[in-house]
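In what follows, chains carry the letters A, B, and so on, assigned in the order in which the sequence lines appear, proteins first and then strands, with residues in each chain numbered from 1.
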2 protein chains.
Amino acid sequence: MYTLDRSLIAGLPPFSGLSRPDLDVILEKARPLRIAAGQAVFEQDTEAHSFFLLLDGHVRVVKTTADGQQVIMRYISAGQLIGIATALGRTTYPATAIAAVDSLALAWPNEAWHELARLYPAFAANTYKMVSARMEEAHERVVELATALVDRRVAHVLLRLIEQTGRRTEYGIEIGFPISRQDIADMTGTTLHTVSRLLTAWEHQGFVRSTRKRVTVVDGARLLDHVGRV
Amino acid sequence: MYTLDRSLIAGLPPFSGLSRPDLDVILEKARPLRIAAGQAVFEQDTEAHSFFLLLDGHVRVVKTTADGQQVIMRYISAGQLIGIATALGRTTYPATAIAAVDSLALAWPNEAWHELARLYPAFAANTYKMVSARMEEAHERVVELATALVDRRVAHVLLRLIEQTGRRTEYGIEIGFPISRQDIADMTGTTLHTVSRLLTAWEHQGFVRSTRKRVTVVDGARLLDHVGRV
DNA sequence: CGACACTTTGATCCGATTCAACCATCGTGG
DNA sequence: CCACGATGGTTGAATCGGATCAAAGTGTCG
């Protein structure tokens, strides 16, 4: 028997509007889970047995096509749900989730979802709101992929990532987890070569700084302006 | 006072699981609406005052970027809801909806949504299921835009459209509404020129047939095979 | 310290856009 | 009812954004 403190999840968006005792009931059904960097939380097309709440760390959600090409659908930060296949009426996970750094999550067995959704309408409502938000994001991404050139797409990804996970450093705002050129390419539908060229060009122009797997945005406004030829 | 027969909406996916009297209550709040081909049902970024059910016809949902580029997000067929901005917690429409042919819809004032969702949980559940399905579609589209070449994307769009709206004809299965090369380009992130070239090439190869604003898929399997170089 | 993962950079190639011109079909009004 | 403008479609040539091919450099970790 674990004793998970409800302060772990109190105040997180998925549980907003729930009372303290509610949280205790919810926590009772959860099981803590450590995921080492590079390890999968769940794998695409396998039976969905659980859904997860990321407590600490960063996880990337990756879709792989039949011919082996990868697309990173999103990065999940602490406080967010992942693997909610059941809530969407699926029986398998639509993507693979890989820890970008050593991470900590809670796992609930699948059956718990329906029970919790019934018991706590606020929890269900929060989840659906999140699904709606993710749908809109996906739509925006479709528009961008269909209309914008690569430099613009890469710039927008960097700005989105520093907004979601950035932390202040001496030179600017750094993306909050290690990310390679290949990762950025997989988020924008391009190649690591093109990303590398863009980043070095932008570094010369003073918009960004980067080292191995770390990217810092020095001047986001000027970067946006640079690619924002409207 | 109108008298809308409940048989109009009985059996449609958004209302599955609802009783006859429920349907009557729901219909009471609706107002019928004719939309001429080319007319907008609602416009992007304007105040969302209503949501709609398409009873007859075809409507395309279009997003326009700041610099005027268009992306067709989807085609709506009879029996589907559109403009459910409110259900997603928005106050404005995220896209413009244009009738592709003369169409008929029902319109509910925005306030009705929360009321109906509260009164009829099945209705709310159906709507969320649809939102989930659309999110998955959007994700698939992101993957395709990020990884597949233009010919593959165009082929997939044609096959999807005949699956959703196709009707048998002498030569094959025809897309159920008028659609131009430009429209197809706006769905796949390419240009009308490229679509035109692809369609004429495919016509020579016997995969499709087309005339002005009408496209018929003669042999979908061979078309798929043609672009499906995996 | 050596192997491996990540990054950079040059050269070449190609899919698709852009530019340009012309043709076909439809709807409309004199 | 036919002429004509408008909308939609085709096709060639030039161009270009990025991918691909190729090779070498660099940081990191076991």
I'd like to know if the side chain of [X] and the backbone of [Y] have a donor-acceptor N/O pair within less than 3.5 Å.
| X | Y | result |
| --- | --- | --- |
| A:S103 | A:V101 | yes |
| A:R153 | A:A148 | yes |
| B:E203 | B:S210 | yes |

Could you work out, with side-chain contact (heavy atoms from CB on, under 4.5 Å) as the rule, every residue matching A:T200, not counting sequence neighbours?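 Once residues adjacent in sequence are excluded, A:T200 has no partner under the side-chain contact (heavy atoms from CB on, under 4.5 Å) criterion.
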Under the side-chain contact (heavy atoms from CB on, under 4.5 Å) rule, collect the residues that match up with A:E47, sequence neighbours excluded.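 If we apply the side-chain contact (heavy atoms from CB on, under 4.5 Å) test to A:E47, skipping adjacent residues, there are no hits.
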For the CD atom of B:E163 and the OG1 atom of B:T165, what is their distance to the nearest 0.5 Å?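 Answer for the CD-OG1 pair, B:E163 versus B:T165, is 10.0 Å.
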Only pairs at least two apart or in different chains count here, so list each ring-ring contact (aromatic ring centres under 6.0 Å, His included) that has a residue in residues 157-181 of chain B.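 Qualifying pairs, neighbours excluded: B:H58-B:F177, B:Y75-B:F177.
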Residues two or more places apart in sequence or in another chain: which of them pass side-chain hydrogen bond (donor to acceptor under 3.5 Å, both in side chains) with A:R90?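 Counting only residues at least two positions away or on another chain, A:R90 forms a side-chain hydrogen bond (donor to acceptor under 3.5 Å, both in side chains) with A:T92, B:E136.
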Return the set of residues passing side-chain hydrogen bond (donor to acceptor under 3.5 Å, both in side chains) with A:T191 (not counting sequence neighbours), or none when no residue passes.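 With neighbours one apart ignored, the set is A:T194.
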Helical stems, DNA chain C - three or more consecutive Watson-Crick or G-U wobble pairs below 3.5 Å: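 So the stems come out as C:1-30 with D:1-30.
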Outermost nucleotides of DNA chain D that come under 4.0 Å of a non-hydrogen atom of chain B: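 Taking any atom under 4.0 Å from a heavy atom of chain B, the span is D:dT7 to D:dA13.
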Earliest and latest nucleotide of DNA chain C, 5' to 3', sitting under 4.0 Å from a non-hydrogen atom of chain A?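 Range of nucleotides within reach of chain A: C:dA5 to C:dA11.
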Hey, mind stepping through A:E140 and B:K63 against salt bridge (Lys or Arg N to Asp or Glu O under 4.0 Å) and telling me if it holds? CA-CA 9 Å; A:E140 276 167 36; B:K63 279 209 184 215; 5.4 Å; no
Report the residues that fulfil salt bridge (charged side-chain N to carboxylate O under 4.0 Å, His left out) with B:R209, sequence neighbours left out, ordered by chain and then residue number.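 Testing B:R209 for salt bridge (charged side-chain N to carboxylate O under 4.0 Å, His left out), a comparison that skips the adjacent residues, returns none.
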In residues 193-212 of chain B, which ones come under 4.0 Å of DNA chain C, going by heavy atoms?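 The stretch gives B:H193, B:T194, B:R197, B:R212 as the residues lying under 4.0 Å from the strand, ordered by number.
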May I ask you to list the residues of residues 173-189 of chain A, by number, that have any heavy atom positioned under 4.0 Å from an atom of DNA chain C?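 Result for residues 173-189 of chain A: A:S180, A:R181, sorted by number.
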Can you list the residues that meet the ring pair (Phe, Tyr, Trp, His ring centres under 6.0 Å) rule with A:F15, with sequence neighbours excluded?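 For A:F15, the residues satisfying ring pair (Phe, Tyr, Trp, His ring centres under 6.0 Å) (neighbours in sequence not counted) are A:F123.
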Evaluate the ring planes of B:F207 and B:H226, with Trp represented by its six-membered ring, and classify them as parallel (under 30°), tilted (30 to 60°) or perpendicular (over 60°).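 Rings of B:F207 and B:H226: tilted, as their planes differ by 30° to 60°.
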Aromatic rings A:Y93 and A:F52: how do their planes relate, parallel, tilted or perpendicular, breaks at 30° and 60°?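 Taking A:F52 first and then A:Y93, their aromatic rings sit tilted (interplane angle of 30° to 60°).
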Below 4.0 angstrom, N of the basic side chain to O of the carboxylate: do A:R152 and A:E144 qualify?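 Between A:E144 and A:R152 there is no salt bridge, as every charged N stays at least 4.0 Å from the carboxylate O atoms.
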